[in-house]
S.K.: 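This is the structure I have questions about; it appears just below.
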Amino acid sequence: MDLVNATGSSKRGFSMKTIDEEKLRAIVGEANIKTDPSDLYIYGSDSSVHHAMPWAVVRPKTTAQVQAVLRYANEALIPVIARGGGSGMCGQTVPVMGGIILDMKGMNKILEINLADVYCRVEPGVVDDDLNLALKPHGMFFPPTPASSRIATIGGEIANNASGVRSVKYGATRDAVLGMKVVLPNGDLVNLGTRTRVEASGYQLHKLMVGSEGTLGIVVEATLSFVPIPEFRCMGIANFNTLKDAGDAISSIMASGAIPSMLELVDDVAIKAVNKTMNLGLKEVAAALIFEADGMVREAVDYEINKMKAICQKHNGEDIYASYDPKERDKIFLGRKSLFPALSKYDDNLASTALADDMAVPYSKMAEMAGKIHEIADKYGIVMTAYGHCGSGCMHTKILMDTKRKDQWESARKAITEVYDYVRSVNGTTSAEHGIGLSKAESFKIEKADSLHLLSLIKKAVDPNNILNPGKLSQAPEDWVTATNLRYSVNS
Amino acid sequence: MKKNTKAFKRLEKWEGTLANCIRCGYCFEHCPLFKYTGWESDSPRAKIITAFGLLSGEIDPSESAAHKMFSCFYCKRCEAACSSGVKLTEVFTDAKKDLLELGFNGPGTTSTTQMNCARCLICVGACPHEARFYHEGRGVVVDPAKCKGCGICIEVCPAGAAKIQNSFGTGRKELMDRASIFMATHKSAKAIVFACNWSYYPDLQASTLPDTETRDKSYEILVNLCGGRLERQLLMAPFLYNAWGVMVAVCPDDKCEHNGNLRAKELVEDLRHTLKSIRIDPERLRLVQIPAGDKGKFQAEIDTFVDRLNTLGPIR
């Protein structure tokens, strides 16, 4: 399959014959290159359903090495795919057209923590949790905090515009990126953005790089803002007997001017899954909302929490309860926190797959969306949950299915198409925080139909030889099931 | 998809498990091998991917694939952290058995240099996993499927015949080098803490914290695998690098899978006498027992030790 030809951006296919291992060895050194098939096989996977073999894995340690690799790849017309923790859920780092994996975990230094100007400079391989560990003694934190923060790298978070439970208050990665140094496909190094909080100096190209999924440049240094760790944190929970009541509560909270630091929805399928696998004994209601407020002054946090409690009550919320006590907060959050493992252990014959996993819809449609997911799952005989960071409009699902059965993949394909059709019909978006990669390209292309040409012009201007992560985003094939090998054994 | 079930008959039963692993990678931060090399191909997830590749026939059995599967210390922290409840080390063991039958072995387990071996059989008795036995024709041999790489045999062998080819940063020389580098590069450096990987260490840190110019610290934690592998030269080395003190953290009395904590206790007691005899306050060498996962106690013990060292000051 020549995906590049399919998009019309190039007539040329890529061939493994073109790779010069010795050249790469000379650039990064013998200790920083892997070419054995058993190593390459591992780097062909991430947390998505996809798998494809790269031709080499190199681990640059310096900006100069990244530049040299790109100069070589650009000349030899070899795809280059930057990789962080490999925790992507849509196949962003799966080398669908082969090529060189740039393992950026080798560049993992925190270069500067500047408290006077409230920014830090980091290399792209720094793990999110490590940055937060270094910021903590200064009373600060880097706010995007995706669930995968223990392995996700800053470079990967920038590439995907990652966000998480607290993004409702603190924003996504894009909001925290002030500037960056980027190596372009031809090896040139450019400084984008600034170190100031605001900038109106022309195009904000550093913001364009955020979410570009490694298709425009390789980030070799990022300047990030950070925020103070709040003194007080209070978490609450409310149960609802109908999804509609929970949805109305979400919309009302966000419309009321309240500032939650977290607002999470968990549906009945998710609650049952947690009870079934973890025996937590949660009340099996239609939906639960978990809300949190934080701040430096307790009275201000009280104000926010009381406001959210009152709104939940108004919309028939039950068992409403909130606490500042860390142990109580852990107890409240346990159901949500246990969801990920609970879904994996739900049934030995069903695997939890990362598909249709993070769309966003307007607040007023959150409950309807959850209902729609249940309806579609029933229709196709698969298990789907609805949960997510509803404060930022993000809805997660997991599709639980027997991955050995080909018919289940067909069902998943149809279900996903219907889910995304609904999302777009209510002016939602295909991805809230995990990105597009391969598995969401179909819906992405329909959603962005008006601007696809503009996107391809930008890509062509920056990367005329199409070497950076080719075959992704608008270049990805519509049919995600056949885009690559699936990383499961599927009976024919 | 073609399946290699004939060759990997033990792995076959894990087919469902290999699909259930969601490949989130949350096991990375708990794996001492990954932390040491930084290569994803040394992580627990990589072994699961390799097992899937071997079973599905997508990759061929090879030295390199075996190398990955045999490089594991069985600390089982990956299992404890696994989102999907995958029994990773059980998968690894079955893969190892299948690979051995196919004629592949790996350097992550111990072996015996027969030329040096005096056939004293101390290692056979000392191995807590019954991985070593005496064979009339071949001498002391190791069952690589049973060997968990704890290295007790290496420490008890009087002839230096028991070996491990790749100890991923936990060998004596590697630990001494890292202690030396830490003491030389950190202005506030005072203590080296040797910590057993089987119990609490991985809970303490999110992952390997990158060195930064702005970050100074008074102590360094070095993973030494089982406390039973600690030896005199290693525990005394930091003092030569101007450390003010050395702390050894092991599992509580009845919790060590390898009985290494008791060996460590005896060693530290003995060395404290040695320190006293050369007029160094024995308090500068301290052994603490930390229950699994009790990072609060571990941190508190380190803080108390560093406070005490601050009172004692540098060794004159």
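Given the structure is predicted, the values throughout are model-derived calculations rather than measurements. Each chain gets a letter, A, B and so on, in the order its sequence line appears, and its residues count up from 1.
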S.K.: Any salt bridge linking A:Arg83 with B:Glu40? Criterion: basic side-chain nitrogen under 4.0 Å from a carboxylate oxygen.
M.R.: yes
S.K.: Centre of B:Tyr26's six-membered ring, under 6.0 Å away, within 45 degrees of the axis: is that where NZ or CZ of A:Arg150 sits?
M.R.: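 Checked: cation-pi criterion met.
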S.K.: For chain A, find which of B:Gly16, B:Ala19, B:Gly85 contributes the most heavy-atom pairs closer than 4.5 angstrom.
M.R.: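 Highest number of pairs under 4.5 Å: B:Ala19.
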S.K.: Taking A:Ser344 for its side chain and B:Cys21 for its backbone only, find out whether a donor-acceptor pair lies under 3.5 Å.
M.R.: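 Absent.
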S.K.: Can you tell which part of B:Ser43 gets under 4.5 Å to a heavy atom of chain A, answering side chain, backbone, both or neither?
M.R.: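 Nothing of B:Ser43, per the 4.5 Å heavy-atom cut-off to chain A.
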S.K.: Dump the intermediate steps for side chain to side chain contact (heavy atoms under 4.5 Å, CB included) on B:Trp39 and A:Asp103, then the final yes or no.
M.R.: CA-CA 9 Å; B:Trp39 284 110; A:Asp103 185 348; 4.2 Å; yes
S.K.: Sort A:Asp402 into side chain, backbone, both or neither according to what part of it lies under 4.5 angstrom from a heavy atom of chain B.
M.R.: neither
S.K.: With a 4.5 angstrom heavy-atom cut-off, is it the side chain or the backbone of B:Leu18 that approaches chain A, or both, or neither?
M.R.: backbone
S.K.: I'd like to know if the side chain of A:Ser47 reaches the main chain of B:Arg23, judged simply by a donor and an acceptor atom lying under 3.5 Å from each other, with no hydrogens or angles considered.
M.R.: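 Flag set: sc A:Ser47 to bb B:Arg23 pair under 3.5 Å.
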S.K.: Counting only heavy atoms closer than 4.5 Å, note whether B:Lys68 contacts chain A via side chain, backbone, both or neither.
M.R.: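 Contact with chain A: side chain only.
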S.K.: Closest approach of B:Ile49 and A:Ser45, non-hydrogen atoms and distance?
M.R.: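 Scanning both residues, the minimum pair turns out to be CD1-CB, 3.8 Å.
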S.K.: Non-hydrogen atoms of chain B under 4.5 Å away: do they reach the side chain of A:Asp36, the backbone, both or neither?
M.R.: side chain
S.K.: Run the side chain to side chain contact (heavy atoms under 4.5 Å, CB included) test on A:Lys105 and B:Phe34 for me, step by step, so that the C-alpha distance in whole Å, both residues' side-chain angles and the decisive distance to 0.1 Å come before the verdict.
M.R.: CA-CA 11 Å; A:Lys105 289 190 286 297; B:Phe34 170 72; 4.2 Å; yes
S.K.: Measure A:Leu350 against the heavy atoms of chain B and call it side chain, backbone, both or neither at under 4.5 Å.
M.R.: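 A:Leu350 touches chain B through backbone heavy atoms alone.
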S.K.: Could you walk me through whether A:Asp39 and B:Ser64 pass the side chain to side chain contact (heavy atoms under 4.5 Å, CB included) test, one step at a time?
M.R.: CA-CA 8 Å; A:Asp39 286 293; B:Ser64 173; 3.9 Å; yes
S.K.: Which region of A:Thr403, side chain (C-beta onward) or backbone (N, CA, C, O), has a non-hydrogen atom less than 4.5 Å from a non-hydrogen atom of chain B, or is it both or neither?
M.R.: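 Side chain only.
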S.K.: Taking side chain as everything from C-beta outward and backbone as N, CA, C, O, which of these in A:Ala31 sits under 4.5 Å from a heavy atom of chain B? Side chain, backbone, both or neither.
M.R.: backbone
S.K.: Side chains of A:Tyr41 and B:Ser41, heavy atoms from C-beta outward: is any pair under 4.5 Å?
M.R.: no
